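Predicted model, so just to flag it, every value in this text is computed and none were measured.
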Amino acid sequence: MVDRRQFIGSIPVNAMAISAIALARPAASQDAAAEDSPSDSLIASPPVVQNPRGDSFGVSIAVDRLATAWVEYGLDRDDLKYTAIASQHGLVSANDRALHVRVQHNQPFPVGQPIFYRVVVQPLAYKNAYVLQRGEPQATDVYALRLPDPGAKRVRVVSINDTHENLETIRQLHAQIEALDPDVLIWNGDTCNDFDASDQPAQIMLNPAKDRNMSWASTRPLVFSNGNHDVRGQRARETIDCFVGCPESSELPYNQALRIGPLALVTMDTGEDKPDRHPVFAGTAAYEPYRSRQATWLQQAVNQPEVRDAPFKIVACHIPLRGLPGQNDGTTLEGYASFSGFGAKLWLPTLVESGFQAVLSGHMHRDRLDSATEEMPVLQFVGGGPTAEKATLTIIDAEQNATDPTMEIRITDLGGKVLHQQTWNGKR
């Protein structure tokens, strides 16, 4: 299905007049604009790269007032000769909270070569429909982005979850992520406590460390898996403007199927932790048909060659798909889900049949590893909670060596202590 966002193709920067101001300003003055004092800054977050593909990627950025944005990029840090601008039905996108630009190159990017880019934003004001005013553009630093390589011999993925706006935890996670230097970062749900009227989704999701210099997804892509708290509150519907759905579908925005070296990564959206008919939702929940549509998508995704033929396959979803004895499965009006009974029934048979090795999840705020059994050969790694004492990182290292492929998944605390670990040798 075609995404509702339509994009102008990437073109040489000198072939399109973005604005008279932007073209007239030299690069040095644009760089200076990015260093304005915080009170003068239009840019309100670091760039966040999403939805990587062989010939494209998306970039989101928060702004503090109405603006437009574009991405300048190239294969040389000193020659950002291409420009990508987002538009919808001919109208260049503008927003006063967050902007997303999809970079669609005219051919696949060279494998193993960094893509250099920066985001430029420019204020926009309307005096009336025929009198529009543009302010001075501001630019981010130039970043060197590594897109995932389907043919890579080794890959590292790091998954975090349940940060719940805990600044201390987020900053420590940032330091650990930079040290681990993954190829892909998964944020496996519950970025927030909720998105009520007084909250700012763009800041919580795009600037979680409250520091533009602390970016964990500017040089690597972030894959987002929706959590139950991410869909709560009056402003929850703004989240799609921050973590934009996959470009192939607007109906299933958080379902991804990516091949990264010897690893296939699939993401599913478990939705809420109660039935749709629960009175707390006041008729605003429709997750049960949504999960059913995901089940149909999953059956198709696992048969794609890049997933089907991968030596290793993992799925990320916020709420666990397996529970402990006596735990609530979230299918009744009593209590709330410790694991998703709806998702388990719809998705686990396909995952088992397709040879998935592991589920990555969170939700419980307590780490654990659910071992494989004869009835359920898919392991489940459950990440920890929002406080620094409970926070964890789930680290996946997969390698295609000369003989057999290997994969290791481990959960560590913020000090690097290994809490749970499993290793696979050879394709199952």
Side-chain angles (χ1 to χ4, degrees), residues 44-50 60 62 98 157-180 182 184-196 198-218 220-233 235-236 238-244 254 267-273 316-320 360-368 381-396 410-417 419-420:
S45 79
V48 176
V49 175
Q50 304 164 59
S60 290
V157 175
V158 169
S159 179
I160 60 174
N161 59 274
D162 293 279
T163 47
H164 286 283
E165 305 174 57
N166 190 306
L167 190 59
E168 177 188 3
T169 297
I170 288 167
R171 289 181 173 178
Q172 290 191 51
L173 285 170
H174 177 273
Q176 290 293 317
I177 291 165
E178 289 306 298
L180 290 165
V184 172
L185 173 65
I186 302 170
W187 204 349
N188 205 359
D190 281 7
T191 65
C192 66
N193 298 314
D194 51 48
F195 288 123
D196 284 336
S198 61
D199 290 317
Q200 297 182 335
Q203 284 300 298
I204 292 170
M205 304 180 89
L206 299 177
N207 190 28
K210 304 296 183 273
D211 186 339
R212 281 177 48 196
N213 295 316
M214 297 182 72
S215 169
W216 56 26
S218 296
R220 64 183 65 87
L222 181 145
V223 174
F224 177 61
S225 179
N226 224 13
N228 54 299
H229 281 266
D230 299 313
V231 300
R232 293 179 180 171
R235 300 186 67 176
E238 296 176 20
T239 60
I240 195 66
D241 294 326
C242 303
F243 288 162
V244 175
Y254 299 121
T267 58
M268 306 296 291
D269 184 351
T270 45
E272 263 292 0
D273 62 1
C317 57
H318 176 69
I319 300 178
L360 313 181
S361 63
H363 183 62
M364 295 304 294
H365 296 189
R366 180 174 295 179
D367 62 86
R368 74 174 197 259
F381 293 80
V382 182
T387 64
E389 295 76 21
K390 293 184 177 180
T392 60
L393 303 97
T394 303
I395 304 160
I396 304 95
R410 62 190 186 275
I411 297 179
T412 71
D413 64 16
L414 291 181
K417 178 182 177 182
L419 306 174
H420 310 280

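- Looking only at side-chain heavy atoms (C-beta outward), F195 and M205 come within less than 4.5 Å of each other.
- Look at D241 and R235 and you find no salt bridge, because none of the NZ, NE, NH1 or NH2 atoms lies under 4.0 Å from a carboxylate O.
- Note: M214 CE to S45 OG = 14.0 Å, rounded to the nearest 0.5 Å.
- When all heavy atoms of H363 and D162 are compared, the pair lying nearest together is N-OD2, 2.8 Å.
- Inter-residue side-chain proximity for V382 and S361 is flagged as met; some heavy-atom pair is nearer than 4.5 Å.
- Side-chain N or O atoms of Q203 include one that pairs as donor or acceptor with a backbone N or O of A44 at under 3.5 Å.
- The backbone N or O of T239 lies less than 3.5 Å from no partner atom in the side chain of D230, so there is not a single donor-acceptor pair.
- Side-chain N or O atoms of S218 include none that pairs as donor or acceptor with a backbone N or O of V48 at under 3.5 Å.
- Interatomic distance, OG1 of T392 versus CG of L414, reported as 8.0 Å (0.5 Å rounding).
- In this structure, the separation between CD on Q176 and CZ on R171 is 16.0 Å, given to the nearest 0.5 Å.
- Side-chain atoms of T267 never come within 3.5 Å of backbone atoms of S225 as a donor-acceptor pair (strictly under, hydrogens ignored).
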- Query: What's the verdict on side chain to side chain contact (heavy atoms under 4.5 Å, CB included) for Y254 and I240, showing C-alpha distance, side-chain angles and the deciding distance?
  - Reply: CA-CA 10 Å; Y254 299 121; I240 195 66; 3.5 Å; yes
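- With H174 contributing its side chain and S215 its backbone, the two residues share a donor-acceptor pair below 3.5 Å.
- Put simply, the side chain of I395 does not reach to within 4.5 Å of the side chain of F381, judged on heavy atoms.
- Looking at D211, its side chain does come within 3.5 Å of a backbone N or O of N213 through a donor-acceptor pair.
- W187 pairs in a side-chain hydrogen bond (donor to acceptor under 3.5 Å, both in side chains) with only one of the listed residues (T163, N226, N161), which is T163.
- No donor-acceptor pair under 3.5 Å is formed between the side chain of E168 and the backbone N or O of A388.
- With hydrogens and angles disregarded, a donor-acceptor distance shorter than 3.5 Å links the side chain of D190 to the backbone of N228.
- Side-chain contact check for I160 versus I177: some heavy-atom pair is nearer than 4.5 Å.
- In this structure, F243 and L206 have side chains that are in contact, with non-hydrogen atoms separated by less than 4.5 Å.
- Checked by atom type and distance alone, the side chain of D413 pairs as donor or acceptor with a backbone atom of G415 at under 3.5 Å.
- Within the model, atoms OG1 of T412 and CG of L419 stand 7.0 Å from one another, a figure rounded to the nearest 0.5 Å.
- Residue Q50 comes nearest to S60 through the heavy atom pair NE2-OG, 2.7 Å, listed as atom of the first residue, atom of the second, then distance.
- In this structure, CG on D199 lies 13.5 Å from CZ on R232, to the nearest 0.5 angstrom.
- For E238, the CD atom sits in a packed shell: over 12 heavy atoms of surrounding residues, nucleotides or ligands are nearer than 6.0 Å.
- Summarising the geometry of C317 relative to N188, their closest heavy-atom pair is C-OD1, 3.3 Å, with the distance given to 0.1 Å.
- The pair R220-E178 meets the salt-bridge criterion, with a side-chain N (NZ, NE, NH1 or NH2) lying under 4.0 Å from an Asp/Glu carboxylate O.
- Residues P208 and T191 fail the side-chain proximity criterion, which asks for heavy atoms closer than 4.5 Å.
- Under the 3.5 Å distance criterion, the side-chain polar atoms of H420 are left unmatched by any main-chain donor or acceptor of R410.
- The heavy-atom pair separating H164 from C192 by the smallest distance is ND1-O, 2.8 Å.
- Taking CG of D194 as the reference point, atom CD of E165 lies at 7.5 Å (rounded to 0.5 Å).
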